[in-house]
Structure formats: C-alpha cells, structure tokens
Amino acid sequence: MSADLTELYQQVILDHNRRPRNRGKLPTANRVAHGDNPTCGDQCSVYLRMDGARIAEISFDGSGCAISQASASLMTTQAKGKTGPEVQALYKHFHDIVTTGNAPEEISDLAAFAGVHSFPARIKCATLGWHAALEALKSDPLPTTTESHLD
Amino acid sequence: MSADLTELYQQVILDHNRRPRNRGKLPTANRVAHGDNPTCGDQCSVYLRMDGARIAEISFDGSGCAISQASASLMTTQAKGKTGPEVQALYKHFHDIVTTGNAPEEISDLAAFAGVHSFPARIKCATLGWHAALEALKSDPLPTTTESHLD
Amino acid sequence: MPSWKNVRADFPILHQQVHGKPLVYLDNGATAQKPRAVIDALVHYYERDNSNVHRGLHALSMRATDAYEGARARIAKFINAADPAEIIFTRGTTESINLVARSWGQAHLKPGDVVLTTEIEHHSNLVPWQQAARASGATLKYLPVLGADGEGGLDLAALDQLLTPQVKLFAFTHISNTLGTIIPAAEFCRRARAVGAVTVIDAAQSIGHTPLDVQALGADFVAFSGHKMCGPTGIGVLYGRRALLDKLAPDETGGGMVVNVTYEGATWKPTPERFEAGTPNVADAIALGVACDYLDALGREHIAAHDAVLARVAMEKLSTLPGIRIIGPRVGAERSGLVSFAFADVHAHDIVTFADEDGVALRGGHHCNQPLMRKFGLTSTTRASFYLYNTEEEIDRLVAALRRTLTFFVGT
Amino acid sequence: MPSWKNVRADFPILHQQVHGKPLVYLDNGATAQKPRAVIDALVHYYERDNSNVHRGLHALSMRATDAYEGARARIAKFINAADPAEIIFTRGTTESINLVARSWGQAHLKPGDVVLTTEIEHHSNLVPWQQAARASGATLKYLPVLGADGEGGLDLAALDQLLTPQVKLFAFTHISNTLGTIIPAAEFCRRARAVGAVTVIDAAQSIGHTPLDVQALGADFVAFSGHKMCGPTGIGVLYGRRALLDKLAPDETGGGMVVNVTYEGATWKPTPERFEAGTPNVADAIALGVACDYLDALGREHIAAHDAVLARVAMEKLSTLPGIRIIGPRVGAERSGLVSFAFADVHAHDIVTFADEDGVALRGGHHCNQPLMRKFGLTSTTRASFYLYNTEEEIDRLVAALRRTLTFFVGT
Ligand SMILES: Cc1ncc(COP(=O)(O)O)c(C=O)c1O
Ligand SMILES: Cc1ncc(COP(=O)(O)O)c(C=O)c1O
C-alpha cells in the first residue's frame, strides 16, 4: 500500500469508520442541519442539544465513505462541550490540515486527516460533517417537540 | 485569371449580369413567387403572366451576385412561351449542368453555367431564380388587380 | 485501418502508468477514450481547414463547410437516418433531450397529458421531463423496474397499463448506465406508436456499443453524446424524424438559423439549421464523423460481442467476492458491458480510491441515478464499465484491486 | 512563450497556398485561427487526461477536473471576474445570450417592460430578445445608429430618451461585427444601472482583440465565443455577476447540475454547475484557457494597437478604390480591426470569389446583420477583418485583388 494511501486511511480513521461515535438521531436535539455532497450523493445530518451557548450533546447520521464517516464521528467527539466560535476555530484548523497536510502539534486528534490533502477530491468528504455542524449551530432552535419530527 | 474562374464568369453570364433581360416588376402578372438564399441574403422575385398553360410574359426582380442575376435573366429568356412541365424539364437540365459541369449540346445557352460546378457554394446562387419561377408556376393565380399589390 | 489485433495501440492514453501501475481504464460509461484518428482529425482541421461554415465562399470556408456537412451525412449513415437533415448537432445527450423537452414539450404538452418515462433513467433523461411536465401541467409517470436490485428489468406488464392514449411522449434509455440492462427499444417504440405517443430514446450508453438503426427501431427522437463513442467532448446529436422536425419550433435563436430578420421579427430556416443557432462546434462534429468511421471499421456488432464477453467474465469473477451485491441483470442474463456493485461495509468512494492506487479507474457514486439508488436502498455503487480496448486481464486486475480493498476494510 | 517577432510561425494554418497563392486570411471576424499551443492542448488532453469531470475520484478524472476548473479560473482572470463561479461554459456567444434571454427573461420580464437593444446587433443578440419580448409581453426597442452608413455611431442623445425606468435589460454589442464601431460599453453600463436595467454585453468581437475587465465595465452579463479568440470551436462563456447568477433558475437540466433528485423533483447546485447540465466540453474549455495564456503573453493592448494600425492602413488604401462605399466610422475615426465595404456594380459574392482566387479570404454577405443592411439600403457587403497575425503586406494583397475584380466587372 502506498504511503499516500496509508496516510489517508490512518488507524484512527479506520477505527472511527468501523465504530462511529455519537451516531444516530438525538431525541433531545434542539438544533439540526443537513449536509449534502452533491458530487457523490453522500449525506450527513448533525443533531445538537445546546445548553446555552455550549453543545451539550451532539450526534450525526448519514451515509458516506470511510473518510466522511470517520470525520463526522471525530468531529462530534471534538465539538461536544464547545461553543459555536470554538467549533468554528476548530474547523478552521481542520480545514487547514486537510488542504495543506500540515497539522500543528496541539490538535493532534484532527491530524489524522492530514493525508486527505493528497486526495483533493476527498476534501469535500472530510468536511461534510463539519459543514453540517456549523449549519446546525447557525440554525434556528427547533420547536420543543417529540422525536418524530426528525424522521 | 484561372481557368475555373474564366469558366465561371463566361461572357454570356457577364453580359446578362450587365444588361439583365426582363428585369423589374411585371404589371400584368397573374402569378408571382419569391425566393431567398438564406445563406447570403440574396433575393429573387419572379412574375409571370400565364396565358392558359403557357408563360406569355415573365420578369424577375431582386438582388444578388453576377451568377444569380445572370441566371435569373437567362432563365426568363428560356422560360418565356413554355409550359410548366417544359420549364421543369429545362430546370432539370440546368441543375445537371451546374452540379456536374456537363452540358448536352442541344441546350447550349444554359451551358454557360457549367463552370458553377467547380464552385459548389455558388450553386444556390445559380438556381435561385429558377426556384422562384417554379414556385410561381405552382402558385395560386393572383386576383385581378392593379400593379400596386406587388409593391 | 483499425484492426482488432492491435486496437489498444490506437489509443495513446491507455499507454500510461497511474501510481506506477499500467492504467486499466474501466470508466467508459462516463466517457470513452479517443483513438489517434479522432485526435488527428482535430489537428488536421485546425491546421488546414479551420473557418466559419455556411456563410463563407472562400476556400477554407468551403472546405470547413464540406467537412462539417460531410460529418452530418456520416452520422446519418451511422444510425441509418433517412436524411442528413435529421441530424442536429448539440453539445451532447443532455442538450439533445432538453431541446426536445422544451421545443416539443412547449408545443404539444397540456394539462391532462402524460409523459411516460422509466424508473431507471439518468438524471439527464428525467429532470428535463419533470421540468416539461411542470411547465405544461402534464403528469410524469414512471414505468417501474422489477426486482430488489433491478434484476427483473422494466415491468412490461405495467407498460400495458401505463401506455394509455393520454401518453403524449415516452422517453426511455436504450441501455441503463447503472444497471447494464438492455431495453427492448423497438418494442417500446412500437407500443408507444400504437397509442400515438412520440418516443425519445436516450442512446448515450448504446450508441458506441451496438449497431443502432433509428428506422428499424422506429424511434421519433434519439439523443446521444460523441464523447461516449470515441468522439470528442462537446459534441452530440439529436436525431429527429423529419416530419416531426419540420414542425418543431427552434429552441435557441440567433445567427445561422434565420431566413429573414427585421427589427420586428424573424423567420426560420428548415432543419437542421433551424436548431443550430450560432457558430457550431465544427471541429468536434468533424471528429465525431471520424469516430463513426473508426467504430464501423471494427464493426459495432463485434464491439457488442466483445463487451458481452467482458461483462460475462466480470460477472463471474466479481460474484466470487464475499459480500458483493451486484445490481441489474443476474449472472448469465443479458447485460451490456458494465457492472455496478456494492458492499455493505465498504463505501464506493473508498473502493475507487483503493483501485486507483492499483491503476484501475472505476466510478463510484449515484451515477446520476439518485431515485433508482434510493429505491434499492443504496446511496452509491461502484461501476466498472468496459469498451473495445478492455481485456480479460484487466478484469483480473480489477478483481485483485477489490480483494485488496476488502482485506483492508473488512479483513477477509 | 509567443513573441510578436514570429507570431505567424505559431499558426500552422497560415502557411498554406490557396489556388497557388499564399493564404491571406482576412475572415477573422467570423473565426480566428488557432496557435499551435491551443491545438497541442487538445492533443495533450486526449492523450493523457481525458476523463469525465466532477464525479470521478480516479487519477484521470481528477486531472481532467483540475484542468477544467483551472480553465474556468484562468478565464475569470482573463476578464477580471471577481469569482470563477461567475464563468459559465457554453457553446458560444449565441448560446450564452440565449441562456440569459430565457432564464433571466422568463423570471423578470412582464408586459409593459422594455428590453432595449441597438440597431447594429448581430442576429445572435437580436433574435433571442425578440423571442424573450414576445414570450413575456415586453416591448423591444432599438437604440438608433446615426449616419447613412452608420458612421455616426449609436445615438447617445436618444439613449437618454430610451433608457427609462421601464427598461429592465439593455443588451448591446461591444464591437460591431459589421461596422467596426467600438461602443462605449462602460458608459452604457453606467447609464443602464442608473435606471436599474441589467446589462448584457455581446463581446464576441472584442474579447480577443482588446483588454476586457468586466468589473471596470460594470457589466451584469457578458457573452463571448472561444473560436473568435484563438480558442477551439464549440466553447464559449457567459459571465454573470454572482449576485444575479445566484438567483437565476437553470436553463438546461440533467446530470451534474442537481443536488438531490427524486421521482417528484430536483434541487439545483449553485453556480456555475447549475448552468452546466450534462458532460461539459472539457477539452475545448481547457484549450480556451490556453488561448487566454497565448493572448496575454502577446498582450491584448498590443493586439488592439496592431489591429488599429491595420484598420487605419486598410481604410486609407481601400478609400482609393473607385466607387467604394465603406460603412461604419470614417477614415481617421476610431474603429476596430475590420472594414466592410460595397461597390454599386459588383456584388460581394463575386468579390469574395475573385479574392479567393488570389488567396485572399474575405467574407461577403449580410454578416448576420440583415436589418442594419436594409437600413443602409444594402443587401450585402464585403468584409476584411484583421487579427494579430495579419500584416500590412496582406492589405496590399487585398487591395490588388479588389482592383483586379473591379477591372473585370467594371473595366476601370
Ligand atoms: C458581434 C457578434 N455577436 C455574436 C456572434 C455570434 O457568435 P457565435 O456564432 O460564436 O455564437 C458573432 C459572431 O458570429 C458576432 O460577431
Ligand atoms: C444513460 C445516459 N443518459 C444520459 C447521459 C448524459 O450524457 P451527457 O453527459 O454526455 O450529456 C449519460 C452519461 O452521462 C448516460 O449514461
């Protein structure tokens, strides 16, 4: 397997792909947004329960390749407990990593995605979940409701 | 001047171009048709006075290159006194001449147009007046009227 | 003269390495590669004859016009059209279908009418009809595909029910770009004609792969793209029966398609000029004519046979992969030279990326077939699509690449 | 790197004989010739990178996509668009204008509205507006041209009267293909904006001949063709301001321009994809980007200066011919690199045929400008149009050919 491919499919990515964290709908969500990758038809929904300015709970749902699934999964673990501006700042780091391949030391978890930069067509896969999360943060709060409206 | 060009612009063609025969509207016409060469914007109207099945008088009007003007002029001299089927037969000869370059002896007047066959883009110029004449022969008789309706 | 013996030598692009491995190009459903003769035709045109067509009387313009109209006649012959004026040059299948959907649709569709299509259409033969139906108030109906994986083909029994006299137009694909299913197009045309419906065949996937005779099919309109039949990008064809084209209003307007223009209005030339506003894609049309020569020299019936062998071999070998789900006709059934498949645990994009590492070019995604994917409970498949230059050894390379990918992701 | 020193060497087609004489190509208003670099770009693409764009993840597809989108960015830079997404690839000027006339026209025009254009438009910037006005019930008005031969340019005083708030769209040419008049496009845009009208500039004749900055012009839409700027046939551009494109509905629909398709309906991608249904003309778009490189290496301001010199020389020399009637700006006035003229006793077609015998390629006819011709009492003119590879010696060849023709027909 080539160095590029090994870089792309790091162990942490494979792990998140096989055992996605925070996957599925969030019954208590008060924010939700949906992202599409029109190029390939991949989809990702992100559910948030905001507690004031902070993300108290987060989950994602959808379908896509290993990169997009692992990225969404890792994103949920990173975003939990953070505020909107904090998630925004994280995304900026993440975007730099997947487009340049350079990962600063302090955000080592996201660094697993540095290999994406050798596969420009996959950048959209890696950012799909993040885009949905940022959209959800910007979205209007859901009316208090039961789970069913999310179907 | 090349042989092709000399062939194309025969003396008889130049003569008909400089001094077109039967040019202008025919006040007594009882048939008229109009032809367009959409490729170049050339136009030709042909006016007939039919006397029974025969063309008693014929004229043409319009604008175009030397080939189209001379051809329409010569056509009027050939068609006069003929019946529809006779003009049709003449046109068949003429079409053969301009597309193949071969002119049978017996129709020597039209043979001046044999040179057109080396200039395929000009075939439409040479046939414009003929098409208008054939259309006029097929057209409905004009209501008896004064000259003015032809303006 | 091309010959089957060294067909691969005719295609310069095939002789390259991708990631250090010889390229195995199995993305022919998306676009075909170009033989040297087609590339040379472009070079020759631009080096010797380039000029605007139709309105010119100088030497270059006459040569360009002759070559352009010669290409039209060549393509008419290629599909056995009765008249070169039935060949309208477009950018490709999509534009051809849009032209019919708009010009024909606007003139003929009204509320209460039905446009019939099928569940297996490419977006390009689906969305334009949704738009035409919406604009006119007509209803769009779909002929269903049978089987959990579309293996049953289109539902011929349902066709009887659906083909009512309300159906004004029936648009269907000749070969499915996702399933590989070959549609009984002549029968569909016959049955459509029986209720007075106009037929539109999307021949994007069939045109370069099998003999196609528009008169034998009895089709009213046929749309195809040059780039899928060894021709250049940016050129395609709408075939239309003369009697229909003669009555059709133009779609785009402008120079070259008018007889007489005043400040008040304009009149139109006859077909085909009426449908070709502006300077046409002269060079690519001419090169498309050369692609016809190329394919006919090899023989389209031989290409179809070659494709069929590769499809059979691929079906057999792919079926041995653990967990594979192949959609479309089953092993042993007739199918065109393409195979779409999915694995529960490995996404198509990861497969395509892994295969690319092995030099194997595949396509992964919804193949412009989202509603069909959704019907099958899929979001994407991986597709291997073959053409005249592919070999059985290349299928072995494909299978090896897939095995390696499966091992990596699933560990089997 | 091209250089002015041996520019002619870059164009293979120029080095041929026509009827035994070296070709003098003076039909650049119809289409320009292609430098070796542009032809090579096509060959390179088909020999190395050919693949379908956007939807592919394998090596060829990524290369093709990068090159295609790179061409879009290159063209954005060429016209100083603010964003590559403002560049929509079309077949050419005619299709670009049709796209605006239909998509924008359908959404915005209603009875009582006025579409303003001018008396000097090419059919391609005239008939689409007639159609849009007819479809919407809007009125089409024409800004007059002044002078018996159009020598006075467009009537700027009338523009004040005509540009009322009822005017929703103002479509005008940048350079007249028949008169050679250069239109004050920036001023027209400014005045149109003052009444809230959207502007459409037909840049077919200017794009390859003079620097063009869409932001400096303040244009809303700009249409042009690749083939008139040293690019291939079959590719052109519609530039649209992002804010307008974002609100514009698609024209053609199909694969590649949709986000989500169901059997019930579809949603659209943002610009530019929304306006590029189907497989695009990848190869020719890429080659158009190379044409931009070529023109910029020579410098468009230098091309404009070169054209201006040839126009001046041609005007001076042609004016000496007995009985010549030159239309458009008078000797000494500013004009682009083309001259249209007529003789009372010799028809344009006969002139073109005679000139062709001398190897000189001219255009004769109405130049897709019938109403303007009629206004001048003409049915056709002969046009000599120059480009970067033409020389003053070629103008002498032109004048000699015309003298010979006059001698033959008129005897002077
Ligand atoms: C001023 C002008 N507008 C529009 C066009 C149409 O361009 P195209 O035929 O490339 O669509 C032309 C060229 O023929 C032109 O000169
Ligand atoms: C069945 C089918 N129809 C239509 C199309 C659209 O063709 P194009 O993109 O060349 O317009 C394609 C190819 O993408 C296809 O496979």
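Every chain is numbered from 1, with letters handed out A, B, ... down the list of sequences. Side-chain atoms are counted along with the backbone in the values below, which use heavy atoms only and exclude waters and symmetry mates. If you're wondering where the values come from, they're calculated on a predicted model, not measured in any experiment.
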Subject >> D/L57 CG to C/D350 CG distance, which is reported to the nearest 0.5 Å >> reply: 9.5 Å
Subject >> Partner of D/T233 under side-chain hydrogen bond (donor to acceptor under 3.5 Å, both in side chains), chosen from C/N281, C/N50, C/D284 >> reply: C/N281
Original post:
Measuring heavy-atom distances to chain D, does C/Y25 have an atom under 4.5 Å in its side chain, in its backbone, in both, or in neither?
Top reply: side chain
**OP:** Please determine if C/E47 and D/R36 form a salt bridge, counting it only when a charged side-chain N lies under 4.0 Å from a carboxylate O.
**Re:** yes
Original post:
Is it the side chain or the backbone of D/S225 that comes within 4.5 Å of chain C heavy atoms, both, or neither?
Top reply: neither
Subject >> Heavy-atom donor-acceptor pair, D/R374 side chain to C/V261 backbone, under 3.5 Å >> reply: yes
Original post:
What part of D/Y142 gets closer than 4.5 Å to chain C, counting heavy atoms only: side chain, backbone, both or neither?
Top reply: side chain
Original post:
Non-hydrogen atoms of chain D under 4.5 Å away: do they reach the side chain of C/A32, the backbone, both or neither?
Top reply: backbone
**OP:** Specify the closest pair of heavy atoms between D/E119 and C/Y263, including all atoms of both residues, with the distance to one decimal.
**Re:** O-OH, 2.7 Å
Original post:
Would you find a donor on one side and an acceptor on the other, under 3.5 Å apart, between the side chain of C/Q370 and the backbone of D/V259?
Top reply: yes
**OP:** Indicate the atoms forming the closest heavy-atom contact of C/C368 with D/G256, along with that distance.
**Re:** SG-N, 4.3 Å
Original post:
Does D/M62 reach the side chain of C/D356, with side-chain heavy atoms less than 4.5 Å apart?
Top reply: yes
Subject >> Nearest-0.5 Å distance that lies between atom OG1 in C/T279 and atom CD in D/E95 >> reply: 12.0 Å
Original post:
For the side chain of C/Q16 and the backbone of D/R48, is there at least one donor-acceptor N/O pair under 3.5 Å apart?
Top reply: yes
**OP:** Tell me, for C/P232 versus chain D, whether the close heavy atoms (under 4.5 Å) come from the side chain, the backbone, both or neither.
**Re:** both
Subject >> Non-hydrogen side-chain atoms of C/Y46 and D/L42 separated by less than 4.5 Å >> reply: yes
**OP:** Could you grab the distance from atom NE2 of C/H44 to atom CD1 of D/I13, nearest 0.5 Å is fine?
**Re:** 9.5 Å
Subject >> Heavy-atom pair with the smallest gap, counting every atom of C/R363 and D/S51 >> reply: NH2-OG, 4.2 Å
Subject >> From CD1 (C/I39) to CD1 (D/I39), nearest 0.5 Å >> reply: 14.0 Å
**OP:** Using a 4.5 Å cut-off on heavy atoms from C-beta on, say whether the side chain of C/L60 contacts that of D/L23.
**Re:** yes
Subject >> Region of C/W129 in contact with chain D, defined by heavy-atom distances below 4.5 Å >> reply: neither
Original post:
Between CG of C/N52 and NZ of D/K228, what distance do you get to the nearest 0.5 Å?
Top reply: 6.0 Å
**OP:** Check D/R134 against C/E264 and note the closest heavy-atom contact, atom names and distance.
**Re:** NH2-O, 3.3 Å
Subject >> Pairing of D/D251 and C/R102 as salt bridge, 4.0 angstrom limit >> reply: yes
Original post:
What distance do C/Q131 atom CD and D/E252 atom CD have between them, rounded to the nearest 0.5 Å?
Top reply: 11.5 Å
